[in-house]
Participant: 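Please find one structure pasted underneath; my questions will follow.
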Amino acid sequence: MAELIVALDTPDITQGLTLAQQLQGVVPWVKIGLELFTLGGPETVKACKKMGFKVFLDLKLYDIPNTVRGAVQAAARMGADMLTLHTQGGERMCCAAREALDEHAENTPLLFGVTVLTSMHNGELPGYTGNINEFTVQLAHAAAAWGLDGVVCSGHEVTTIKMSCGPNLLCLTPGIRPAGTEGNDQHRIMTPAQAMLSGTDFLVVGRPITQAQDPVLAAQNILAEMDTLQN
Ligand code: C5P
């Protein structure tokens with residue numbers, strides 16, 4: 001069963017938490033990313049947990065292994081249910097994060113490795129001239145070998161990742177755009193239905209919901225589109 005995560009990317013704390021309140025009982029997950037976390041810090045995580053949401057803390061960590069280890073432990077203590085780091089941070093960094101979570105018995109968030117951002121297209125990744133869909137799959141293999149629970153990738157790579165890394169490696173897919181909505185800065189995009197057909201486990205949606213005239217209705221419409229394709 002794929003699940004919908006709404007990205008609370010808002011320019012102020014009240015707006016983000018008001019949106020979360022409106023979405024209570026509609027979606028199971030919210031995402032707190034760099035924008036809201038920089039504004040409101042751990043209090044935003046606590047507030048969303050108190051509202052009953054599972055919280056995806058999307059800080060896309062990328063630093064030396066010791067710093068990532070500490071940040072991951074802090075995020076687990078904060079109550080996050082899912083975390084991200086950059087797979088491109090390499091084996092020692094990713095394994096340090098895995099170990100940090102395994103040592104943290106009270107709360108073990110799902111650990112996801114960002115592969116190649118869904119805003120990127122071929123030729124845009126510094127120092128890499130190959131095909132980024134293929135690079136994404138290579139990074140997913142590394143993530144699986146390093147013990148991560150899943151990867152963040154576009155819907156275009158999910159089927160290959162599931163086939164080559166096995167169904168246990170979870171896939172989380174941003175760059176979701178309902179038919180007729182703006183792509184914005186995203187490039188490797190899919191509709192909710194296409195993402196469902198790819199076999200992804202989580203769909204992350206920001207602006208098509210946060211900037212809709214009626215965010216709750218926009219979320220409900222995406223859920224309805226997903227429901228027709230749930231297995
Ligand atoms: O507004 P939009 O639907 O494009 O938001 C997508 C969300 O997913 C943003 O919060 C962004 O930070 C996040 N994300 C992404 N691409 C990744 C990882 C996370 O777009 N590879």
Side-chain angles (χ1 to χ4, degrees), residues 2-11 15-16 19-20 23 27 29-40 44-45 48 53 55-62 75 80 82-89 94 109-122 124-125 128 132-133 135-140 142-143 148-158 161 169-195 198 200-213 215 218-219 221-223 225-226:
E3 292 186 85
L4 177 61
I5 303 176
V6 176
L8 302 176
D9 297 329
T10 54
Q15 202 180 321
L19 177 60
L23 291 166
V27 293
W29 286 88
V30 289
K31 191 199 95 149
I32 296 175
L34 291 172
E35 190 173 359
L36 190 57
F37 196 75
T38 304
L39 286 164
T44 57
V45 176
C48 290
F53 288 106
V55 174
F56 169 25
L57 186 60
D58 183 25
L59 300 182
K60 300 187 180 68
L61 303 171
Y62 191 158
M82 185 189 282
L83 297 177
T84 46
L85 41 62
H86 270 284
T87 317
Q88 290 178 60
C94 292
L110 290 169
L111 184 59
F112 275 76
V114 176
T115 53
V116 179
L117 295 171
T118 44
S119 55
M120 289 191 142
H121 49 65
N122 282 328
E124 210 183 344
L125 197 60
Y128 185 78
I132 55 174
N133 297 104
F135 189 42
T136 298
V137 177
Q138 278 177 35
L139 290 171
L148 305 193
D149 298 299
V151 289
V152 184
C153 61
S154 88
H156 298 276
E157 296 107 23
V158 173
I161 290 173
L169 187 72
L170 299 169
C171 289
L172 182 148
T173 307
I176 302 296
R177 290 293 179 271
T181 59
E182 288 284 319
N184 314 109
D185 56 350
Q186 298 281 19
H187 276 112
R188 295 180 357 264
I189 59 177
M190 275 194 170
T191 64
Q194 288 168 330
S198 77
T200 197
D201 301 285
F202 296 95
L203 282 72
V204 179
V205 183
R207 285 161 290 185
I209 292 174
T210 59
Q211 294 183 4
Q213 270 200 332
N221 286 340
I222 292 173
L223 286 167
E225 187 171 335
M226 289 169 65

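Read the numbers this way: they start at 1 and go in the same order the structure lists the ligands and their atoms.
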Participant: Would you say the side-chain atoms of Glu225 pair up with the backbone N or O of Ala193, donor to acceptor, closer than 3.5 Å?
Facilitator: yes
Participant: Kindly compute the distance separating CD1 (Ile222) from OG1 (Thr191), expressed to the nearest 0.5 Å.
Facilitator: 10.0 Å
Participant: So, taking the atom named OG1 in Thr115 and the one named CD1 in Ile132, what distance separates them when rounded to the nearest 0.5 Å?
Facilitator: 9.0 Å
Participant: Judged on heavy-atom distance to atom 14 (N) of ligand 1, which of Pro174, Gly33, Gly183, Cys153 sits nearest?
Facilitator: Pro174
Participant: Considering only heavy atoms, does Asp9 approach ligand 1 within less than 4.0 Å through its side chain, its backbone, both, or neither?
Facilitator: side chain
Participant: Has the side chain of Thr87 got a donor or acceptor atom that lies under 3.5 Å from a matching backbone atom of Val114?
Facilitator: yes
Participant: Leu4 and Ala219: which non-hydrogen atoms are nearest, and at how many Å?
Facilitator: CD2-O, 4.1 Å
Participant: Give me the nearest non-hydrogen protein atom to atom 6 (C) of ligand 1 as residue plus atom name, then the distance to 0.1 Å.
Facilitator: Gln186 NE2, 3.6 Å
Participant: Once you restrict to heavy atoms under 4.0 Å, what part of Asp58 touches ligand 1? Side chain, backbone, both or neither.
Facilitator: side chain
Participant: For the side chain to side chain contact (heavy atoms under 4.5 Å, CB included) test, which of Leu110, Thr84, Val152 pairs with Leu172?
Facilitator: Val152
Participant: Should the proximity of Pro208 to ligand 1, defined as any heavy atom under 4.0 Å, be assigned to the side chain, the backbone, both, or neither?
Facilitator: side chain
Participant: Might you confirm whether atom CD of Glu124 has over 12 heavy atoms from other residues, nucleotides or ligands at distances under 6.0 Å?
Facilitator: yes
Participant: Any atoms of ligand 1 less than 4.0 Å from a non-hydrogen atom of Ala7? List them with their elements.
Facilitator: 10 (O)
Participant: Is there at least one pair of N or O atoms, one from Gly206 and one from ligand 1, spaced under 3.5 Å apart?
Facilitator: yes
Participant: Hey, is Val152 one of the residues with a heavy atom under 4.0 angstrom from ligand 1?
Facilitator: yes
Participant: Which residue supplies the protein heavy atom nearest to atom 18 (C) of ligand 1, what is that atom called, and how far is it?
Facilitator: Lys60 CE, 3.3 Å
Participant: Tell me: protein heavy atom nearest atom 16 (N) of ligand 1, and distance?
Facilitator: Thr118 OG1, 3.0 Å
Participant: Looking at non-hydrogen atoms alone, which of Arg207, Glu35, Gln211, Lys31 comes nearest to atom 11 (C) of ligand 1?
Facilitator: Lys31
Participant: What atoms of ligand 1 come within less than 4.0 Å of a heavy atom belonging to Leu117?
Facilitator: 17 (C), 21 (N)
Participant: Do any nitrogen or oxygen atoms of Arg177 lie less than 3.5 angstrom from nitrogen or oxygen atoms of ligand 1?
Facilitator: yes
Participant: Give a yes or no on whether the backbone of Gly155 and the side-chain of Arg188 come within a donor-acceptor separation of less than 3.5 Å.
Facilitator: no
Participant: Would you say Gln186's side chain and Gly183's backbone share a donor-acceptor pair under 3.5 angstrom?
Facilitator: no
